[in-house]
2 protein chains.
Amino acid sequence: MGSYNVKQEVTDKYSLRGRVFHRLREDILSGKYEEHEELKEVAISEEMGVSRTPVREAFRQLELEGLIQIIPNKGAYVTGITEKDVKDIYIIRSLLEGLCARWATEHITPEQMEEMEENVYLAEFHASKGHLEQLAELDNRFHDILYEACDSKILEHQLKDFHQYVLRVRKKTLSNANRGPKSNAEHARIMEAIKNKDADLAESLAHQHMINAYDNMVKNGLHEAYEKEKKNNE
Amino acid sequence: MGSYNVKQEVTDKYSLRGRVFHRLREDILSGKYEEHEELKEVAISEEMGVSRTPVREAFRQLELEGLIQIIPNKGAYVTGITEKDVKDIYIIRSLLEGLCARWATEHITPEQMEEMEENVYLAEFHASKGHLEQLAELDNRFHDILYEACDSKILEHQLKDFHQYVLRVRKKTLSNANRGPKSNAEHARIMEAIKNKDADLAESLAHQHMINAYDNMVKNGLHEAYEKEKKNNE
DNA sequence: TCTCGTATGATTGTATACAATTATACGAGA
DNA sequence: TCTCGTATAATTGTATACAATCATACGAGA
């Protein structure tokens, strides 16, 4: 970690540095690079057809994103995410998602409300059909809507950070066929609370929603991820 | 904001880029550069006696730190912090500081406990003498001890981020002569709860501690900061 | 006088050259 | 055989040169 939470987004997708940044980010999150793998500037720059300069700048940003660790004069290494890290993030998120739901209750716009309803309705359909891929996508989007609705740039960004960061692990957990539909049912309840302007209920439901996701993850996917982590350390 | 919360620290204080980064950071937080002021690569590099390369890399990092905003092909601008941003951060911090106190209760080491006692004792002394500068320093340190004691890299970094980010505003609030001693009295109570292994109490006290700081800030310093912000926007 | 296009300069973006540091290989000496 | 020092290669760190983009000034034409 390392910085100071009112962070800026890396929106520049058009400069070479921006492209390198986003592509490396994608590759790391998707698992193309193993944890603790060393990223060499020349190799990356040749692979992407650019010079070292934009690669280095992208590295600096990825370091602050927590995706790589740079050891001075040595190299850049893909950071591992430990079991404890993931657990901690879920606990922290449970608090912040609660706060987010509270604020969303107070600030959500009619348009956002409508998109949320559509999201839950659509997800229900895909859940019944067993479309796990679409379900995962809608799950992500539901939370994004919530983040935007809370009307706090700070909190929104904070949560998006966490959300994206645990995606590596989360992919595994949501592919658990049981959790998807359950998760969406919880979304529906959160949405109802927001609709009824019951901020207390929305907060506690959103909080519990994260705790449930956490419990599910501990039971299923996390062990697998942890084993992989251990193996890499051998 | 903008990044993915398991962030790395920028520990490299020895490379030119590291020095530029830390110095610029210091200068921005201390107020040497006005909000919305444009930072030019050449000017900075000449001032610090280095080339543009390390300056540019430091800029990328400062952008993710949220201290500057980079508009592609235009320039780097010191970010403003709005009244709402600060308020949001305090609310978020109040939750996380509570969680931190809870975890600290469970994981604090005897050495950390001892440093905390020493901190509170010393602060009491300086409070009685009206040494505001030392009091502010000890206040910062108290929270750092708490962050380290919670034994969660993720949460520790998250809180350090927030803590440092609002320092610009916080300096003003703590210079309010009343808050310093009050704050330390609250520290003492938090410490007692941790010592007695009462995690629930520690959490609620730490939470309230932040709320109090927030209330104090709203009453005193924030208005001033906000006026300055408005003035810059004119 | 006003508008708009163009030229000029300033600034950022990228590539490349060079310096400093680190990793590796190899061989001398014990 | 093992250890350690040195030479070499590989890699990162920094400086500089060049390209692309943006801001400004100026003047032609209406």
Side-chain angles (χ1 to χ4, degrees), chain A residues 2 7-25 27-28 33-79 232-233, chain B residues 2 8-25 27-28 33-79 232:
Chain A
K7 288 136 194 162
Q8 301 301 327
E9 295 208 36
V10 177
T11 51
D12 179 11
K13 302 201 180 193
Y14 303 103
S15 65
L16 294 187
R17 175 195 51 76
R19 289 219 302 274
V20 170
F21 175 86
H22 285 283
R23 184 161 157 197
L24 276 177
R25 190 165 190 290
D27 287 346
I28 292 172
Y33 299 113
E34 295 287 324
E35 291 187 351
H36 305 108
E37 182 172 346
E38 184 171 359
L39 299 182
K40 286 174 188 163
E41 295 176 358
V42 183
I44 302 290
S45 61
E46 283 179 355
E47 186 181 336
M48 304 203 179
V50 299
S51 75
R52 281 175 56 218
T53 306
V55 173
R56 281 180 60 83
E57 292 185 8
F59 273 22
R60 298 300 169 199
Q61 298 185 298
L62 289 165
E63 181 183 30
L64 283 182
E65 296 258 331
L67 294 177
I68 66 175
Q69 182 177 9
I70 297 177
I71 300 176
N73 287 310
K74 291 191 76 175
Y77 304 87
V78 177
T79 53
N232 278 331
N233 287 335
Chain B
Q8 302 300 326
E9 295 206 37
V10 177
T11 49
D12 179 12
K13 301 201 182 193
Y14 303 103
S15 65
L16 293 188
R17 175 194 51 76
R19 290 219 303 275
V20 171
F21 174 85
H22 286 284
R23 185 163 156 195
L24 276 177
R25 190 164 190 291
D27 287 346
I28 292 172
Y33 299 114
E34 295 286 325
E35 292 187 351
H36 306 110
E37 183 173 345
E38 183 171 1
L39 298 182
K40 286 173 187 164
E41 295 176 358
V42 182
I44 302 291
S45 61
E46 283 179 355
E47 186 182 334
M48 304 203 179
V50 301
S51 75
R52 281 175 55 217
T53 306
V55 173
R56 281 181 58 85
E57 292 184 9
F59 272 22
R60 299 300 170 198
Q61 297 185 298
L62 288 166
E63 181 182 30
L64 283 182
E65 296 258 331
L67 293 177
I68 66 176
Q69 181 178 8
I70 297 177
I71 300 176
N73 288 311
K74 291 190 77 177
Y77 304 87
V78 177
T79 53
N232 278 332

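Each chain gets a letter, A, B and so on, in the order its sequence line appears, and its residues count up from 1. What you are looking at is a predicted structure, and each value in this text was computed from that prediction instead of being measured.
- Atom CD in Glu63(B) sits about 14 Å away from atom C1' in dG13(C), given to the nearest Å.
- Atom CD1 of Ile70(A) is separated from atom C1' of dT11(D) by 13 Å (rounded to the nearest Å).
- A distance-only check finds no donor-acceptor pair linking the side chain of Ser45(B) to the backbone of Val55(B) [under 3.5 Å].
- Straight-line distance from the CD atom of Glu57(A) to the C1' atom of dG13(C): 8 Å, rounded to whole Å.
- Residues from residues 39-48 of chain B with heavy atoms under 4.0 angstrom of DNA chain D: there are none.
- Counting only Watson-Crick or G-U wobble pairs whose defining distances are both under 3.5 Å, the stems of 3 or more consecutive pairs in DNA chain D are C:1-30 with D:1-30.
- What separates CD1 of Ile68(B) from C1' of dT12(C) is a distance of 13 Å, to the nearest Å.
- One interatomic measurement links the two molecules: CZ of Phe59(A) to C1' of dT12(D), which rounds to 11 Å at whole-angstrom precision.
- Nearest approach of Thr79(A) to Gly66(A), heavy atoms of both residues: OG1-O, 2.7 Å.
- Minimum heavy-atom separation, Phe59(B) to Ile68(B): O-CD1, 3.4 Å.
- In this structure, Asp27(B) CG and Glu47(B) CD are separated by 7.0 Å, a value rounded to the nearest 0.5 Å.
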Pull out every protein N or O sitting under 3.5 Å from an N or O of nucleotides 16-23 of chain D, one pair per line with the distance.
| from | atom 1 | to | atom 2 | distance (Å) |
| --- | --- | --- | --- | --- |
| dT16(D) | O4 | Thr53(B) | OG1 | 3.3 |
| dA23(D) | OP1 | Lys74(B) | NZ | 3.2 |

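- Scanning both residues, Pro54(A) and Ser51(A), for their nearest heavy atoms gives CD-OG, 3.3 Å.
- Remark: Arg25(B) CZ to Gln61(B) CD distance equals 10.5 Å, nearest 0.5 Å.
- Note that CG of Leu39(A) and CD of Gln69(A) are 12.0 Å apart. Values are rounded to the nearest 0.5 Å.
- Between the CZ atom in Arg60(A) and the CG atom in Leu64(B) there is a gap of 12.5 Å [rounded to 0.5 Å].
- Position along DNA chain C of the nearest nucleotide to Gly49(A) versus Gly75(B) favours Gly75(B) as the more 5'-ward residue.
- Taking each heavy atom of Glu34(B) and Val78(B) in turn, the nearest pair found is O-CB, 3.4 Å.
- The CG atom of Leu16(B) sits 11 Å away from the P atom of dT21(C) (whole-angstrom rounding).
- The interatomic distance linking Glu38(A) (CD) with dT12(D) (C1') rounds to 10 Å, in whole Å.
- With rounding to the nearest 0.5 Å, the separation of CD in Glu35(A) from CD1 in Ile28(A) is 10.5 Å.
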Query - Steps toward side chain to side chain contact (heavy atoms under 4.5 Å, CB included) verdict (Lys74(A), Glu38(A)) - result: CA-CA 10 Å; Lys74(A) 291 191 76 175; Glu38(A) 184 171 359; over 6 Å; no
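- The CD1 atom of Ile71(B) sits 16 Å away from the C1' atom of dG13(C) (whole-angstrom rounding).
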